[in-house]
Amino acid sequence: MTDNRTLARRPAGRQGTRAPHARDLLAWYDRHRRALPWRALPGEHADPYRVWLSEIMLQQTTVKAVGPYFAKFLALWPDVGVLAASPVEEVMKAWAGLGYYSRARNLHACAKAVVADHGGLFPASLEDLRALPGIGDYTAAAIASIAFGIAAPVVDGNVERVVTRLNLMETPLPAAKPAIRARVAELLDSARPGDFAQATMDLGATICTPKRPACALCPWTGACRAEAEGRQEEFPVKAARKARDTRYGAAFVVVSADGKLLVRTRPDKGLLGGMTEVPGSDWSAGFDPEGAEPPIEARFRRLAGTVTHVFTHFPLELTVSRADVRAGTRPPAGMRWIPLSEVAGEAFPTLMRKVIAHAMGDGDR
DNA sequence: TACTCGTGGAC
DNA sequence: TGTCCAAGAGT
């Protein structure tokens, strides 16, 4: 490959590029940082509660989607104490539509732990943060660095992309994670760890994008091995995800004459855990809609069309049947009536809102 | 390690 | 239109 003289003059693994420096990234960040609702202004002190709340919401979720939820949560629960004192059901309602609902349950559990075990203040150490519900390696490092100025390597999807490109790392994710974390630990600026973390994420979000990265605008242009080889879009390397079969099921919308909807609550754990749903069958690849058992004795009519929804790991197609029953009908065990006027504020995941809209003739498009 | 766990937007 | 993906965590 490379002869010994070349190796003697240039560090191994960096032929053709100069070394990246945190100061170049931070200078770029000082001019181009995104103004985000949860961020402190330059020179100001970041609020650990807001940092934590935003970091939980931003897990696998876009900045745009988080925006209105962050504002709503801050208005409902301005600090960790009032959040901890709120019923978890209210938190699930407020989280409805944002996805990954175990985050909401863990958010509430974390708030209670902060109050019970840390006097209502977020702990200022990586280890103590990591021990809290819903806080993993990434989020602990992010809170530690952004809110407390602790020099910890913050590695999210953005940083993985930036660093694997910078260093031409061919190892597929997630096996490459330890090497990425080690490289970030070398690169980071211990004088401005929070800014460095947010700068690497801003860089990945705005310049070092998955497709068509804007390398000409990058503060690390010339220091990136992937750019030098014109192979930016090949990184990070990821194992191909396997396709999953569509699952099928039936949903039943039961409306009473006095304007109420029959619902139940899903188990806390598992898919859509703790969220409200209309009764229905299990969902499976081999499901036969004709064999679905209605939740109540009534005249159901099968509605035209189906409701489709795509989860991360499988597509779903539901038939919808509706029955209208008399006022005062007793709900089956484990179910309850809610007024139709309260559907909007109920803890329905998006899938269930599609089902209800379909049955109410609101149109599905 | 590999799988589960939502949603909406970009291409 | 299907595929990928977005500030990951829990098991």
Side-chain angles (χ1 to χ4, degrees), chain A residues 33-34 36-39 50-70 92 95-107 109-110 129-147 152-162 172-178 180-181 184 194 196-206 208-212 233 236 238-244 246-247 266-275 277 283 308-316 347-354:
Chain A
R33 54 182 287 159
R34 292 178 291 175
L36 300 172
W38 42 87
R39 275 190 181 168
R50 297 186 185 209
V51 173
W52 164 72
L53 179 60
S54 68
E55 290 300 342
I56 301 299
M57 289 185 168
L58 287 162
Q59 289 166 6
Q60 296 291 286
T61 308
T62 58
V63 165
K64 181 181 178 183
V66 165
Y69 284 87
F70 181 79
M92 306 307 289
W95 196 277
L98 197 55
Y100 285 142
Y101 297 102
S102 65
R103 290 185 297 173
R105 183 167 303 281
N106 284 331
L107 184 85
C110 182
L129 288 166
R130 182 65 179 81
L132 289 166
I135 296 183
D137 288 337
Y138 161 77
T139 305
I143 297 172
S145 58
I146 297 170
V154 176
V155 181
D156 74 330
N158 289 305
V159 178
E160 287 172 353
R161 187 167 57 254
V162 170
L173 286 170
K177 279 203 163 198
I180 294 171
R181 184 175 290 104
V184 171
F196 180 87
Q198 294 174 95
T200 49
M201 293 190 281
D202 274 17
L203 186 69
T206 64
C208 195
T209 49
K211 304 294 181 188
R212 300 178 60 81
E233 293 190 17
K238 293 182 180 179
R241 69 176 61 173
K242 51 183 169 185
R244 301 294 291 267
T246 298
R247 298 182 195 177
R266 294 177 63 87
D268 284 346
K269 295 188 183 262
L271 188 65
L272 306 176
M275 302 300 283
E277 67 174 1
W283 306 332
T308 60
H309 192 73
V310 181
F311 294 106
T312 303
H313 48 304
F314 68 91
L316 177 67
F348 286 118
T350 296
L351 165 64
M352 285 299 143
R353 295 191 188 277
K354 289 183 184 178

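Here is the naming used below: chain letters follow the sequence lines, and residue numbers restart at 1 for every chain. What you see is a predicted model; the values in this text were computed from it and never measured.
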Enumerate all atom pairs, one protein N or O and one N or O from nucleotides 9-11 of chain B, separated by less than 3.5 Å.
none

- Query: With a cut-off of under 6.0 Å to the ring centre and 45° to the axis, is A:R266 in cation-pi contact with A:W283?
  - Reply: yes
- Message: If I pick the P atom on C:dA7 and the same atom on B:dT4, what distance separates them, to the nearest angstrom?
- Response: 23 Å
- At under 4.0 Å, does any side-chain N or O of A:H313 touch on OP1 or OP2 of B:dC5? yes
- Message: Set out, in order, the CA-CA distance, both residues' side-chain angles and the distance that settles side-chain hydrogen bond (donor to acceptor under 3.5 Å, both in side chains) for A:Y138 and A:Q59, then state yes or no.
- Response: CA-CA 9 Å; A:Y138 161 77; A:Q59 289 166 6; over 6 Å; no
- Message: Run the side-chain hydrogen bond (donor to acceptor under 3.5 Å, both in side chains) test against A:T61 and tell me which residues pass, sequence neighbours left out.
- Response: A:R103
- Item | Interatomic distance, A:I146 atom CD1 to A:S54 atom OG [nearest 0.5 angstrom] | 7.0 Å
- Query: In whole Å, what is the span from the CH2 atom of A:W95 to the C1' atom of B:dT7?
  - Reply: 13 Å
- Task: Could you go through the ring pair (Phe, Tyr, Trp, His ring centres under 6.0 Å) check for A:Y69 and A:W95 one step at a time?
- Result: CA-CA 7 Å; A:Y69 284 87; A:W95 196 277; 7.2 Å; no
- Message: Measuring from atom CD of A:E55 to atom CZ of A:R50, what distance do you get when rounded to the nearest 0.5 angstrom?
- Response: 14.5 Å
- Side chain of A:P210 only, please: which of C:dA7, B:dT7, C:dA6 is the nearest? C:dA6
- Report which part of the nucleic acid A:R353 touches: base, sugar-phosphate, or nothing (heavy-atom distance under 4.0 Å, all strands). nothing
- Query: Across the strands shown, which category fits A:W52 at heavy-atom distances under 4.0 angstrom: base, sugar-phosphate, nothing?
  - Reply: nothing
- Applying ring pair (Phe, Tyr, Trp, His ring centres under 6.0 Å), name anything that partners A:F311, two or more places apart in sequence or on another chain. A:H309, A:F314
- Considering only the C1' atoms, how many Å lie between B:dG8 and C:dT1, rounded to the nearest integer? 16 Å
- Query: Are OP1 or OP2 of C:dG8 and a side-chain N or O of A:Q60 less than 4.0 angstrom apart?
  - Reply: yes
- Query: With a 4.0 Å cut-off on heavy atoms, is A:T61 in touch with a base, just the backbone sugar-phosphate, or nothing at all?
  - Reply: base
- Message: Main chain of A:I135, side chain of A:R130: is a donor-acceptor contact present, judged purely on distance under 3.5 Å?
- Response: yes
- Distance between P atoms of C:dA6 and B:dC5 (Å, rounded): 22 Å
- Note on the structure: Separation of C:dG8 atom C1' from A:K238 atom NZ, nearest Å, is 12 Å
- Item | Closest-nucleotide 5' rank along DNA chain B - winner of A:P174 and A:L98 | A:P174
- Message: Can you list, in residue-number order, the parts of residues 153-161 of chain A that come under 4.0 Å of DNA chain C, counting heavy atoms only?
- Response: A:D156, A:G157, A:N158, A:R161
- Whole-Å distance separating the NZ atom of A:K354 from the C1' atom of B:dT7: 9 Å
- Item | Sugar-phosphate, base or nothing in reach of A:G97, heavy atoms under 4.0 Å | sugar-phosphate
- Specify the separation, in whole Å, of atom NE2 of A:H309 and atom P of C:dG2. 16 Å
- What nucleic acid atoms does A:K242 come within less than 4.0 Å of, heavy atoms only: base, sugar-phosphate, or nothing? sugar-phosphate
- Query: Which is it for A:V159 and A:V184 under the side-chain contact (heavy atoms from CB on, under 4.5 Å) test, yes or no, and what are the steps along the way?
  - Reply: CA-CA 8 Å; A:V159 178; A:V184 171; 3.6 Å; yes
- Item | With A:A144 via side-chain contact (heavy atoms from CB on, under 4.5 Å) - residues at least two apart | A:L126, A:L129, A:I150
- Query: Can you tell me how far P in B:dC3 sits from the matching atom in C:dC4, rounded to whole Å?
  - Reply: 16 Å
- Message: Mind checking if A:L316 touches a base, just sugar-phosphate, or nothing, with heavy atoms under 4.0 Å?
- Response: nothing
Between the protein and nucleotides 9-11 of chain C, are there any N/O to N/O pairs under 3.5 Å, and if so, what are the atom names and distances?
| from | atom 1 | to | atom 2 | distance (Å) |
| --- | --- | --- | --- | --- |
| C:dA9 | OP1 | A:G136 | N | 2.9 |
| C:dA9 | OP1 | A:T139 | N | 3.0 |
| C:dA9 | OP1 | A:T139 | OG1 | 2.6 |
| C:dA9 | OP2 | A:Y138 | N | 3.4 |
| C:dG10 | OP1 | A:G134 | N | 2.5 |

- Mind checking the CG-CG spacing from A:L351 to A:L272? Nearest 0.5 Å is all I need. 6.5 Å
- Starting at CG of A:L58 and ending at P of C:dA7, how long is that distance when rounded to a whole Å? 9 Å
- Note on the structure: A:F311 atom CZ is separated from B:dC3 atom C1', nearest whole Å, by 16 Å
- Note on the structure: Separation between OG1 (A:T308) and CG (A:L316), nearest 0.5 Å, reads 8.5 Å
- Query: Taking atom C1' of B:dT4 as reference, at what distance in whole Å does atom CH2 of A:W283 sit?
  - Reply: 14 Å
- Message: Heavy atoms only, 4.0 Å cut-off, all strands: where does A:I56 land among base, sugar-phosphate and nothing?
- Response: nothing
- Quick one: does A:T209's side chain have a donor or acceptor within less than 3.5 Å of a partner on A:A205's backbone? no
- Atom CD1 of A:I143 and atom C1' of C:dG8: how far apart are they, to the nearest Å? 13 Å
